[in-house]
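Residue numbering restarts at 1 for every chain, and letters A, B, ... go by the order of the sequence lines.
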There are 2 protein chains.
Amino acid sequence: MKRPTQADVAKLAGVSRATVSYVVNQTAGVPISPDTRARVLNAIERLNYAPDIRARSLRTGGSNTVGLLIPDLHNPHYWSIVQGVEDALRSEGLDLLLTSTSLDPNREEKALQTLSGRRVDALILTLSFPEQSKTTLTQLAANGYPVVTLGNSAFNVDAVIATYRNATAQVMDHLLGLGHTRIGFIFGVGSKELATNRMSIYQSSLAAANIRVDPELIDYSGVRIEDGYQAALRLLNRSPRPTALLVINDWLAIGALRAVDEIGLHVPGDISIASFDDTEMAAFLHPPLTSVRSNGHEMGHQAASLALERIRQPNRPIRRVQIEADLVLRQSTGPAPASQ
Amino acid sequence: MKRPTQADVAKLAGVSRATVSYVVNQTAGVPISPDTRARVLNAIERLNYAPDIRARSLRTGGSNTVGLLIPDLHNPHYWSIVQGVEDALRSEGLDLLLTSTSLDPNREEKALQTLSGRRVDALILTLSFPEQSKTTLTQLAANGYPVVTLGNSAFNVDAVIATYRNATAQVMDHLLGLGHTRIGFIFGVGSKELATNRMSIYQSSLAAANIRVDPELIDYSGVRIEDGYQAALRLLNRSPRPTALLVINDWLAIGALRAVDEIGLHVPGDISIASFDDTEMAAFLHPPLTSVRSNGHEMGHQAASLALERIRQPNRPIRRVQIEADLVLRQSTGPAPASQ
DNA sequence: TTGAAAGCGGTACCAA
DNA sequence: TTGGTACCGCTTTCAA
């Protein structure tokens, strides 16, 4: 039981294959008599014909599709990126091909190859392991293939990056200003390189306040909620106990909140918690989270725009779009408890 | 700057296109001399050649890819479905093509067509608007195209369905047993048809306990957290106030928890909350949610297995896999408050 | 207004 | 062990 092809339609309608193509695509400048058109349409209907996109794309050279690579399905931040890309693409009538690498370094490069092997019109990449994927990516770019990196500007391609510098400094100042001196950091990220800048600002902010950076207060956890929970338990068992926790994303912060709760402490009375991303849920948690907003939707949208521009203007100079993160204050941060 | 093709490689290596194909695919039964192989490999390397998957798939008839349609990126339940599908596929070396419809009825059918137009080897569909997509889907199935529906068994195709019947009755009995008589229902679902069975059990359970089904206690909300929050506010403003809230999924339950909090009430002291899906976060919320677990990962995994079977055995009889939801009790449900 | 045929980039059969 | 070539399903000149 094979799917019907253009030829089947042509035969049934008693026309040539070219004619079928004309009516299917409403090809400009090729007038078709109402009668023929009707016969073709009828045949299509009866056979339930739908064109083979592979063949069309092979012939025309364009696929009308953009490929998107994201690292991990578990972090809601990425879903807003996907949503942003999708919205932008859809409004231009393009399709989205989505792949996740589940934070597997080997998968990432393979996925890259698969995606580009499909000859999608452009690639939007949120890399977790830039080092691993470097060769493949560089070669693609060298071939003139439209590539946009998201959250990474280490390659010679269009890029969208969130600049966490100021906002991270702000959140640290916020915590320091509230009198916190022992600030734990739950650093659960797929690949360390992704967030080194945030780490270094965490450290330099402490240094600027004349506070020693205590390695015991930095926890390199996994990326699941459970990992955030465990990390928080570990940190809260240090003594003296930290009075604030900075968490690398909202998702892990959920786990941290639970840990505080189970130990019988309160947020923000005993422990302040601040995180990154400000995803949809942040404002609704208990208590609502102070979070550094990095607007995934906007990032996705911009990335898609860059991709479209590049498709239409292959030779325009490389562009980098920066999206400035900002701090959203809510109830999960407060003054450090008076004494310890 | 076009990407190199097989022909380019052949020319550079001084061999025929066929030979290139042989070494690329390590075609069984076609021995290639070490020398030629080396020359070809070298040419591939130098040109940075990667085969065009469209062309290959066109010729071979298989794409090694399964398409997955999900309704909505906002509900974490779907994330776990995607993850389940992906895991199953990956272990068999297949690729995943993901599309979301953002709960737009028009998009759903269009996405269906795009996906099938790509001639992926199979389609896994989580339909929100079965009525709209009926024609397209039926025709695909009639053509013998491998299709698996997830959460819907209304079509004559392989299907994975979660049976909520028992677990929903259980959660209702649980609440009724705790003395709740006014149980609100936040029914925020992309399309009503998706959860009518849960609704009817909600109603019949009440009836069986001789409790009138109060339409005022059923809130048809949207699908975002904010919607769940607003719905809860509305319900909690009824008088007499409901003492328990059943929420159609964990995501909306986050909003409901927030609403209770803001009104100054407590869960479960004043209000019990139970929801569906039992996604990763449920156990970590404040308080941990009583939830009907429908194991999205398992559903996705099973769906992928059915798809694979169907690909390999196009004529095997249609199979339906049922996944029984079960109730997970946590701290968000408790005895109804003594008096009102 | 319609049709014939070349070709997109591969695969695989058959011959050499 | 390698090469020639028909063909997958479509688009797009060019001619009729």
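- Side chain Y22(B) to base dC13(C): a donor-acceptor pair is found below 3.5 Å.
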Would you please test L96(A) and V82(A) for side chain to side chain contact (heavy atoms under 4.5 Å, CB included) and show each step? CA-CA 9 Å; L96(A) 174 62; V82(A) 176; 4.2 Å; yes
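- In this structure, T60(A) does not reach the dC8(C) phosphate: none of its side-chain N or O atoms is under 4.0 Å from OP1 or OP2.
- Protein atom CG of L58(B) is 14 Å distant from nucleotide atom C1' of dA6(D), rounded to whole Å.
- Between N25(B) atom CG and dC13(C) atom C1' the separation is 15 Å, expressed in whole Å.
- Rounded to the nearest 0.5 Å, atoms CZ (R310(A)) and CZ (R316(A)) are 4.5 Å apart.
- Contacts of T27(B) with the nucleic acid, taken as non-hydrogen atoms under 4.0 Å apart, are absent.
- When heavy atoms are screened at a 4.0 angstrom cut-off, V30(A) is found touching base atoms of the nucleic acid.
- OP1 or OP2 of dC8(C) has not a single side-chain nitrogen or oxygen of S57(A) nearer than 4.0 Å.
- Ion pair D52(A)/R56(A) not flagged as a salt bridge, since none of the NZ, NE, NH1 or NH2 atoms sits closer than 4.0 Å to an Asp/Glu carboxylate oxygen.
- Regarding contacts with the backbone of dT2(D), every side-chain N or O of S16(B) stays at 4.0 angstrom or more from both OP1 and OP2.
- Among the nucleotides dT2(C), dG9(C), dT11(C), the one closest to the side chain of T19(A) is dT2(C).
- Listed nucleotides: dT1(C), dG3(C), dT1(D). Nearest to the side chain of S33(A): dT1(C).
- Along DNA chain C, the nucleotide nearest to I32(A) and the one nearest to P4(B) differ in position, and the one closer to the 5' end is contacted by I32(A).
- Separating the CZ atom of R54(B) from the C1' atom of dT11(C) is a distance of 16 Å, rounded to the nearest angstrom.
- Atoms NZ (K11(B)) and C1' (dG4(D)) sit 18 Å apart, rounded to a whole Å.
- Atom CD of E86(A) sits about 6.0 Å away from atom CD of Q83(A), to the nearest 0.5 Å.
- For the residue pair A122(B) and A307(B), the shortest heavy atom distance occurs at CB-CB, 4.0 Å.
- Contact annotation for P51(A): backbone-only contact, meaning every heavy-atom pair under 4.0 Å involves sugar-phosphate atoms and none involves a base.
- As rounded to whole Å, 11 Å separates atom P of dC8(C) from atom CG of D8(B).
- Summarising the geometry, the separation between CG on D35(A) and C1' on dT2(C) is reported as 13 Å, rounded to the nearest angstrom.
- Heavy-atom distances to DNA chain D give each of A55(B) and G14(B) a nearest nucleotide, and the one nearer the 5′ end belongs to G14(B).
- One finds the CG atom of L123(B) at 8.0 Å from the CG atom of L137(B) (value rounded to the nearest 0.5 Å).
- Phosphate contact (OP1/OP2 of dT11(C), side-chain N/O of Q6(B), threshold under 4.0 Å): present.
- Across the protein-nucleic acid pair, D52(A) atom CG and dG9(C) atom C1' stand 14 Å apart, rounded to whole Å.
- One can place CZ of R56(A) at 18 Å from P of dG9(C), the figure rounded to the nearest angstrom.
- A donor-acceptor contact under 3.5 angstrom links the side-chain atoms of R59(A) to the base of dG7(C).
- An OP1 or OP2 oxygen of dT11(C) is reached within less than 4.0 angstrom by a side-chain nitrogen or oxygen of S21(B).
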